[in-house]
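Data block below; observations after.
Keep in mind the model is a prediction, meaning the values are calculated, not measured. As the structure lists them, so they are numbered: ligands from 1, and atoms in each ligand from 1.
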Amino acid sequence: MADFKVKNKTLASKGHLQIEWASKHMPVLNQIKERFAKHKPLRGLTLGACLHVTKETAVLIDTFLVAGAEVALCGSNPLSTQDDVAAALAEKGVHVFAWREQTAEEYYWCVEKTIDHGPVITLDDGADLVSALHTKRTEVLPGIKGGTEETTTGVLRLKAMEKKGELKYPIIAVNDAYTKYLFDNRYGTGQSTIDGILRATNILLAGKTFVVCGYGWCARGIAMRAQGMGANVVVTEVNPLRALEAVMNGFRVLPIAQTAPIGDIFVTATGDTSIIRKEHMQKMKDGAILANSGHFNVEISIKDLEQLATSKRTMRQNLEEYTLKNGRKLYLLAEGRLVNLAAAEGHPSEVMDMSFANQALSVEHLAKTERLPPKVYTVPKEIDETIARLKLEAMQIRLDKLTAEQKRYMTTWEEGTI
Ligand SMILES: NC(=O)c1ccc[n+]([C@@H]2O[C@H](COP(=O)([O-])OP(=O)(O)OC[C@H]3O[C@@H](n4cnc5c(N)ncnc54)[C@H](O)[C@@H]3O)[C@@H](O)[C@H]2O)c1
């Protein structure tokens with residue numbers, strides 16, 4: 001019997017249909033699942049996962065179940081859980097502790113309940129599970145063989161722990177696999193962030209001034225898709241190479257202070273803190289919309305917004321209106337949390353297929369490898385290449401092969417200008 005806490009058990013049948021729909025678009029993970037079902041590489045292992053509880057995550061969890069694992073799961077954001085999916089997972093025997101709209105206290109209670117199941121391998125999206133294990137639940141650490149991390153912010157936190165000598169078990173940085181960040185962070189965040197903004201507001205993007213803060217993998221995708229919808233995209237950056245790339249891609253690059261009076265929509269995706277602050281909010285136009293797609297709700301200073309506001313009301317789901325002392329109204333989407341997961345459904349399944357194939361194969365790798373020293377590791381190159389090959393096969397795209405002459409040419413130095 002699963003130990004679980006979800007919003008409403010009766011939503012399970014709806015959740016099963018959602019999972020089936022996602023699974024249909026995840027051919028790589030399904031191939032891995034078939035092999036796992038045959039060989040049971042995770043037999044007897046308990047996994048503890050702190051991931052967004054979405055229909056795609058459910059397909060990953062299913063892959064672990066058929067591989068013989070027991071799974072405890074909590075959400076990695078208080079607003080991203082799909083309640084029907086959580087109910088379906090509970091019915092499948094997963095120890096799931098997740099529901100949409102949690103308080104901070106409830107969120108961390110769920111993390112602790114996941115840890116109570118004594119995971120041998122952990123999966124994180126933002127490193128909250130690892131952080132709880134290293135602070136409040138150190139007694140569980142000796143039993144842990146390794147873990148994986150899904151996102152840029154989590155990898156940054158883990159590398160900081162490693163640098164200080166505080167990381168107590170090895171973690172594979174799934175985020176840093178090519179078949180993850182090049183597709184998930186860029187095309188996944190690009191499309192789903194626009195999806196979240198549109199579901200929350202239903203505004204027209206064409207002709208709007210759309211400010212994207214950062215020009216990393218996620219922000220590149222957001223800028224590209226907003227431009228495709230006819231918006232005038234302006235980028236803000238602190239890194240000269242990224243700023244130059246944005247300029248060469250045809251975007252205007254300005255300091256955030258200069259974008260404040262001209263932007264209609266602002267989206268942060270930096271993984272950094274306090275990008276949009278009081279001094280910017282005070283200069284914004286009446287009606288400006290603020291959204292975040294970075295991991296934590298710290299990129300837009302909500303504290304500053306609250307201080308500037310004389311009143312606040314909820315206009316519709318995921319859309320909060322703040323009336324400022326200067327009389328202007330600013331609109332905050334999804335409480336400044338990941339807009340693509342809170343106001344929409346997160347990345348499309350086709351993208352999560354590759355990210356979660358990396359998760360599945362990295363967990364298998366940890367299970368079959370001798371315990372590694374406590375460091376942050378990249379996904380083994382063979383795993384990355386296998387996933388790219390399987391994805392292309394599933395898309396029925398065929399590649400050329402190097403001829404013998406080409407192979408020789410590529411490995412010699414003698415041939416030159418003539
Ligand atoms: N919404 C999602 O579903 C989703 C998916 C993947 C990653 N993420 C999160 O999105 C964030 C960004 O991830 P990424 O992979 O694009 O990271 P990245 O490191 O590729 O890019 C971040 C960029 O932000 C820039 N930056 C930092 N501080 C800045 C500032 N003050 N002003 C302007 N730019 C600044 C950096 O120079 C860098 O170019 C992370 O928090 C990550 O965890 C979200």
Of N358, L42, L45, the one forming a side chain to side chain contact (heavy atoms under 4.5 Å, CB included) with V363 is L42
For T270, which part has a heavy atom under 4.0 Å from ligand 1: side chain, backbone, both, or neither? both
Under 4.0 Å to a heavy atom of I275 - the qualifying atoms of ligand 1, by number: 30 (C), 31 (N)
Best match, V238, V235, T152: closest heavy atom to atom 29 (C) of ligand 1: V238
With a cutoff of 4.0 Å, is H347 in contact with ligand 1, counting heavy atoms of the residue only? yes
Could you tell me if H25 and S349 have a donor-acceptor pair between their side chains, going purely by distance under 3.5 Å? no
Under 4.0 Å from ligand 1, counting heavy atoms only, is it the side chain of N340, its backbone, both or neither? side chain
For atom 34 (N) of ligand 1, which protein heavy atom lies nearest, and how many Å away is it? G214 CA, 3.5 Å
Does the plane of the ring in H95 sit parallel, tilted or perpendicular to the ring in H117? Use 30° and 60° as the thresholds. parallel
Nearest-neighbour protein heavy atom for atom 37 (O) of ligand 1, which is reported as residue plus atom name and distance: E237 OE1, 2.8 Å
Got the closest protein heavy atom to atom 43 (O) of ligand 1, with its distance? T151 OG1, 2.6 Å
Indicate whether the side chain of N175 and that of N185 have a donor and an acceptor atom separated by less than 3.5 Å. yes
Atom CD of residue position Q307 - does it have more than 12 heavy atoms of other residues, nucleotides or ligands inside 6.0 Å? yes
d(S23 OG, H16 NE2) to nearest 0.5 Å is 13.5 Å
Atoms in ligand 1 with a heavy atom of T153 nearer than 4.0 Å: 40 (C), 41 (O), 42 (C), 43 (O)
shortest atom 6 (C) of ligand 1-to-protein heavy-atom contact is with C218 SG, 3.5 Å
Ligand-side contact atoms (ligand 1) for residue partner G216, heavy atom cut-off under 4.0 Å: 16 (O), 18 (P), 20 (O), 21 (O), 23 (C), 39 (O)
Side-chain H-bond candidate by donor/acceptor type, S293 with T189, under 3.5 Å: no
Assess whether a salt bridge exists between K208 and D264, defined as any Lys/Arg side-chain N lying under 4.0 Å from an Asp/Glu carboxylate O. no
